[in-house]
Undergrad: 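Here it is, the structure in full.
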Amino acid sequence: MKPSKEPLLTALDIATRTSELADTISTDYTGRELLLLPVLKGGLIFAADLMRLIKVPLTLDFIRARSYQGTRSQGGVEFLVHPTEPIEGRHLLIVEDIVDTGRTTAAILDLLQAEKPATISLCTLLDKPASRQANVEPNYAGFQIADHFVVGYGLDYNERYRELPAIHILEEE
Ligand code: IMP
């Protein structure tokens, strides 16, 4: 498998849309302070670009979660990295690379909600609404894409291709 020669989204497409999202977020959070929580590893690059364009004060921390198959059929999610910042009373903005089935994100939102934040919102660069299985609706979404497997700009295939500046569809060799 390898990334398509032509990108699905160019670095310029991503930068332009990221700037629009940052403007909307800055307007929505005027007068408030954000706790930005990128979901590792995929959300790192998007969050690094987004945070430099947001115009309200913010604090940065990280989440890393892993899905596991529990004894019940639906499995669950556990934190591998939990924010060290206090969550209670804060305005959380979760930053994801992609919401696909939405299961991981739904579980992360549930776990954080239990820690009593003031508000919690979800910003994702990519949204694949056709594959949704959990009840998750991003508050901010960069691009809706069809059900392709994509790599680049933080997104990996077996840990490769995160460093590509654009987003490519993964194709057969
Ligand atoms: P979920 O299905 O929404 O729970 O997605 C969980 C995780 O799967 C995402 O945060 C990504 O890390 C990964 N993922 C889903 N779709 C893609 C893709 O097209 N490319 C790379 N990673 C993906």
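Order of listing sets the numbers, starting from 1, for every ligand and every atom in it.
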Undergrad: Under 6.0 Å from the NZ atom of K55, do we count more than 12 heavy atoms belonging to anything else shown?
TA: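 Yes, NZ of K55 has more than 12 neighbouring heavy atoms, counting only those of other groups under 6.0 Å.
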
Undergrad: For R66 and E78, what are the C-alpha separation, side-chain angles and deciding distance, and is it a salt bridge (charged side-chain N to carboxylate O under 4.0 Å, His left out)?
TA: CA-CA 5 Å; R66 172 172 66 185; E78 63 181 351; 2.6 Å; yes

Undergrad: Has ligand 1 got any nitrogen or oxygen that is less than 3.5 angstrom from a nitrogen or oxygen of F149?
TA: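 Not met; the criterion fails.
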
Undergrad: Among all protein heavy atoms in this structure, tell me which lies nearest to atom 4 (O) of ligand 1, with the distance rounded to 0.1 Å.
TA: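 Nearest protein contact, heavy atoms only, for atom 4 (O) of ligand 1 is T104 OG1, 2.5 Å.
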
Undergrad: Any side-chain heavy-atom pair from H168 and L8 closer than 4.5 angstrom?
TA: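 When only atoms from C-beta onward are counted, L8 and H168 do not touch, as no gap falls below 4.5 Å.
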
Undergrad: Measure the CG-CZ distance between L37 and R90 for me, rounded to the nearest 0.5 Å.
TA: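 Those atoms lie 8.5 Å apart.
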
Undergrad: Mind checking whether P38 and I63 have side chains closer than 4.5 Å, heavy atoms only?
TA: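 A side-chain contact under 4.5 Å is absent here.
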
Undergrad: Looking at E6, I'd like to know if its CD atom is crowded, meaning that more than 12 non-hydrogen atoms belonging to other residues, nucleotides or ligands lie closer than 6.0 Å.
TA: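 Counting other residues, nucleotides and ligands, CD of E6 stays at 12 neighbours or fewer.
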
Undergrad: Has ligand 1 got any nitrogen or oxygen that is less than 3.5 angstrom from a nitrogen or oxygen of V150?
TA: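 There is such a contact, yes.
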
Undergrad: For ligand 1, is there an atom lying under 4.0 Å from some heavy atom of D156?
TA: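 Yes; D156 lies near enough to ligand 1 that a heavy-atom distance drops under 4.0 Å.
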
Undergrad: At the 4.0 Å heavy-atom cut-off, does V151 count as touching ligand 1?
TA: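 Heavy atoms of V151 never come under 4.0 Å of ligand 1.
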
Undergrad: Is the closest protein non-hydrogen atom to atom 2 (O) of ligand 1 under 4.0 Å?
TA: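 Neighbour list for atom 2 (O) of ligand 1 includes protein heavy atoms (cut-off 4.0 Å).
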
Undergrad: Quick one: do the D13 and T10 side chains pair a donor with an acceptor below 3.5 Å?
TA: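 The answer is yes; a qualifying pair exists.
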
Undergrad: Within a distance under 4.0 Å of any heavy atom of E96, pick out the atoms of ligand 1 and give their elements.
TA: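 Close to E96: 10 (O).
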
Undergrad: Which ligand 1 atoms are under 4.0 Å away from a heavy-atom of T101?
TA: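 Selected atoms, number and element: 1 (P), 2 (O), 3 (O), 4 (O).
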
Undergrad: Hey, can you tell me if F149 and Y157 have their rings parallel, tilted or perpendicular (30° and 60° cut-offs)?
TA: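 Judged by the thresholds at 30° and 60°, the geometry between F149 and Y157 is perpendicular.
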
Undergrad: At under 4.0 Å between heavy atoms, is it the side chain or the backbone of D97 that contacts ligand 1, or both, or neither?
TA: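 Side chain only; the backbone of D97 stays clear of ligand 1.
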
Undergrad: Counting only heavy atoms, which portion of H148 has something under 4.0 Å from ligand 1: side chain, backbone, both, or neither?
TA: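 Just the backbone.
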
Undergrad: For ligand 1, is there an N or O atom under 3.5 Å from any N or O atom of K128?
TA: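 Yes.
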
Undergrad: Name the orientation class of the two ring planes belonging to Y29 and Y140 (parallel below 30°, tilted from 30 to 60°, perpendicular beyond 60°).
TA: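 Ring orientation, 0 to 90° scale: tilted.
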
Undergrad: Between ligand 1 and G42, can you find any atom pair, the residue atom being a heavy atom, that is separated by under 4.0 Å?
TA: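 False for this residue.
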
Undergrad: Just to be sure I'm reading this right: ignoring hydrogens, which of I169, I98, L40 gets closest to atom 13 (C) of ligand 1? Compare them by their nearest heavy atoms.
TA: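 Considering heavy atoms of I169, I98, L40, the nearest to atom 13 (C) of ligand 1 sits in I98.
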
Undergrad: Distance under 4.0 Å to a non-hydrogen atom of L155: what atoms of ligand 1 satisfy this?
TA: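 Atoms satisfying the 4.0 Å criterion: 20 (N), 21 (C), 22 (N).
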
Undergrad: State, with a plain yes or no, whether a side-chain heavy atom of D127 is found less than 4.5 Å away from one of D100.
TA: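 No, every pair of side-chain atoms sits at 4.5 Å or beyond.
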
Undergrad: Using protein heavy atoms only, decide if any is under 4.0 Å from atom 7 (C) of ligand 1.
TA: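 So far as the 4.0 Å threshold goes, atom 7 (C) of ligand 1 is out of reach of every protein heavy atom.
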
